[in-house]
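One structure is given below, encoded as structure tokens.
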Amino acid sequence: LAATESPITARAFFERVRAGQLTALKCGSCGELAIPPRQLCPACHAKAWQPVDLRGEGTIASFTIIRVAPRAHAGDTPYALAVVKLREGVSILGRLVDIPLEKVSVGLPVRFRPLVIGNQPTVGFGPS
Amino acid sequence: MRRVAVIGVGVTKFGLHDRTSAELFAEAAQDALTDAGVPATAIQALYYGNVVGGETEHQLHTGPQAASVLGIPAVPTTRFETACASSHAAFRHAVMEIAAGVSDVVLVGGAERVLNVSTAESTEYFAYASDAVWEQPLGLTFPGVFALIARAHMEKYGTTEAQMAAVAVKNHRHGALNPKAQFQKQITIDQVLRSAYVADPLKLYDCCPFSDGGAALVLASEEVARRHRKPVWVLGSAAASDWMLLGDKRDLSRVPATERAAAAAYRQAGVGPRDVDVVELHDCFTIAEIVATEGLGLFEPGAGGRAAEAGRTSLGGEIPVNPSGGLKAKGHPIGATGAAQIAEIVTQIRGEAGPRQVDGAKTGLTHTLGGNTATVLVSLFGRD
């Protein structure tokens with residue numbers, strides 16, 4: 001591993017997503033967790049990242065239901081997006097699936113679900 | 001560092017135009033030069049904001065393009081892109097060029113053209129200001145970003161959709177007094193609450209429109225400005241950034257970049273929120289105005305919605321916010337917005353704002369937010 005590379009590139013992160021695994025970086029110096037890619041630890045500025053698997057369990061911190069979409073997603077409306085606070089402490093934006101829109105609420109427990117949207121692996125969350 | 005003043009302002013009408021963004025800027029710049037009473041030959045540099053010219057007009061290199069269309073092709077130009085805060089970033093750098101003694105007279109401005117493409121296209125292009133790997137593939141939109149902020153604010157503080165609607169109604173009431181505004185008609189709380197959801201809990205009338213338009217400012221050193229009829233001094237100008245990814249923002253109910261930029265600008269100016277008489281701030285969505293009034297220290301965190309509903313931010317209220325009509329009613333040509341906000345505050349401080357004049361306005365503040373709240377600029381202005 002070259003010293004100037006983040007141990008998990010964006011591409012590697014999404015390959016792991018496609019395989020069903022959410023991954024974070026843990027700072028070997030201070031323990032800070034981050035979502036890759038990231039070069040330096042924002043807390044202690046060390047470069048001592050180690051990849052760690054996340055359990056994929058969390059709760060909805062905030063959500064919205066998109067009804068006017070960008071062109072590429074126009075056929076999907078309405079769809080829900082949520083910022084999910086994962087059990088380990090980091091948060092990620094994801095698309096909600098298999099949860100009726102009227103049941104979505106702040107605090108709702110959800111579980112990571114790998115998604116492919118327009119041939120791109122991306123982050124989804126379904127019922128816990 | 002030398003003192004810097006705004007000595008000329010110009011703004012086109014905002015709304016649908018059949019001219020290029022460079023033509024819109026040139027109209028505003030001509031008006032700003034006339035207002036300043038300086039010839040075009042006095043301009044030593046152009047600092048220019050434009051955001052989606054590459055997408056909507058197939059035009060990059062928009063700095064020299066704008067200078068050429070204005071007719072000052074030889075001046076050095078730099079185009080700034082900090083999403084919706086672009087021409088406020090351009091302004092801050094122009095201030096620094098004059099303060100540092102490099103130039104005495106600098107033209108600042110910006111322009112945008114988006115109404116020549118469909119709403120679906122412009123929604124996509126604006127979303128380019130969010131992360132292309134993490135967030136765009138999910139179908140995130142700009143109303144979506146501020147809907148997530150709104151939901152977090154409602155959960156934490158009990159902010160209501162009616163309080164957000166009060167911001168829209170107030171800004172339309174102000175916009176009806178502004179002949180340059182895209183919407184010059186009043187609306188009611190019921191109209192806002194009955195409008196269709198765009199990204200729950202935000203409805204169509206919580207959102208600013210897509211707009212074409214241009215704005216320009218002539219900045220000058222103190223020596224040049226002293227010869228002008230009504231110089232308005234730049235008391236402070238600061239920028240701040242925050243995480244790009246929504247998931248990395250620690251508390252979606254707040255905008256830390258606003259709090260940081262405001263603290264720096266107040267410190268430079270030697271004033272505080274209580275000293276400010278009039279504010280133009282970034283109300284791209286109604287919730288954005290509520291959160292900004294809190295981040296700027298005008299109200300405590302969580303109190304912005306109630307303050308708007310009680311009329312405290314209306315013309316005639318204790319701290320009038322967005323007398324121009326704001327982005328909501330005046331319109332939001334994204335590359336022009338920062339400069340247009342400054343033009344309004346300069347006009348207010350000169351006492352030349354007509355029916356929307358804030359009585360006795362001596363100190364004014366502008367706040368411009370870029371995209372997903374990752375860029376904020378705050379500037380303060382005053383008179384002798």
Side-chain angles (χ1 to χ4, degrees), chain A residues 9-11 13-14 17 22 24 32-38 42 58 60-86 89-97 101-102 104-107 115-125, chain B residues 55 117-156 195-204 206-207 210 241-253 285 287 372:
Chain A
T9 61
R11 181 185 169 132
F13 178 90
F14 283 102
V17 164
L22 269 185
E32 176 87 357
L33 274 184
I35 298 299
R38 186 145 302 153
I60 291 177
S62 191
F63 70 94
T64 181
I65 299 163
I66 303 288
R67 297 178 192 274
V68 178
R71 277 184 299 180
H73 303 272
D76 296 354
T77 56
Y79 54 87
L81 301 179
V83 173
V84 173
K85 180 157 188 161
L86 297 168
V90 283
S91 299
I92 303 186
L93 183 74
R95 178 90 69 98
L96 297 183
V97 291
L101 294 179
E102 66 278 9
V104 180
S105 63
V106 171
L115 286 184
V116 176
I117 301 177
N119 290 327
Q120 276 188 274
T122 188
V123 175
F125 290 95
Chain B
E55 287 75 24
V117 301
S118 70
T119 296
E121 284 171 277
S122 40
T123 298
E124 175 183 323
Y125 301 148
F126 282 32
Y128 289 175
S130 60
D131 190 279
V133 175
W134 276 90
E135 296 181 336
Q136 290 175 36
L138 292 166
L140 181 65
T141 62
F142 266 96
V145 170
F146 283 87
L148 289 160
I149 290 170
R151 178 69 62 194
H153 207 270
M154 292 164 83
E155 285 287 327
K156 186 168 178 183
S195 64
Y197 281 102
V198 172
D200 309 24
L202 299 184
K203 298 166 288 293
L204 181 64
D206 287 303
C207 308
F210 289 110
S241 302
D242 192 34
W243 292 110
M244 273 294 279
L245 294 184
L246 290 171
D248 283 335
K249 298 178 196 290
R250 294 294 149 95
D251 178 353
L252 282 171
S253 73
F285 301 92
I287 186 64
N372 51 5

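Proteins get letters first, then strands, A, B, ... in listed order; numbering begins at 1 in each.
- Contacts with chain A were tallied for B/Ser118, B/Ala120, B/Pro137; B/Pro137 has the most, counting heavy-atom pairs under 4.5 Å.
- Using a 4.5 Å cut-off between heavy atoms, A/Ala74 does not touch chain B at all.
- With a 4.5 angstrom heavy-atom cutoff, A/Val123 touches chain B via backbone and side-chain atoms both.
- Qualifying side-chain contact (heavy atoms from CB on, under 4.5 Å) partners for A/Ser105, counting only residues two or more places apart in sequence or in other chains: A/Leu108.
- Interface summary for chain B: among A/Ile92, A/Thr122, A/Val106, the most heavy-atom pairs under 4.5 angstrom belong to A/Val106.
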Using a 3.5 Å cut-off and no angle test, enumerate the donor-acceptor pairs between side-chain atoms of residues 139-149 of chain B and protein atoms at least two apart in sequence or in another chain.
unit_1, atom_1, unit_2, atom_2, d
B/Thr141, OG1, B/Gly144, N, 3.0

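- A cation-pi contact, defined as under 6.0 Å to the ring centre and within 45° of the axis, is absent between A/Arg95 and A/Phe125.
- Atom CZ of A/Arg11 sits in a sparse spot, with 12 or fewer heavy atoms from other residues, nucleotides or ligands closer than 6.0 Å.
- Proximity to chain A is limited to the side chain of B/Tyr125, based on heavy atoms less than 4.5 angstrom apart.
- Of the possible polar contacts, none joining the B/Lys156 side chain to the B/Ser253 backbone as a donor-acceptor pair under 3.5 Å is found.
- Proximity to chain A (any heavy atom under 4.5 Å) is shown, for B/Leu138, by both the backbone and the side chain.
- Contact count against chain A (heavy-atom pairs under 4.5 Å) is highest for B/Val198 among B/Leu252, B/Leu245, B/Val198, B/Thr123.
- Looking at B/Glu121, the atoms closer than 4.5 Å to chain A (heavy atoms on both sides) sit in the backbone and in the side chain alike.
- A salt bridge links B/Asp248 with A/Arg38: the closest approach of a Lys/Arg side-chain nitrogen to an acidic carboxylate oxygen falls below 4.0 angstrom.
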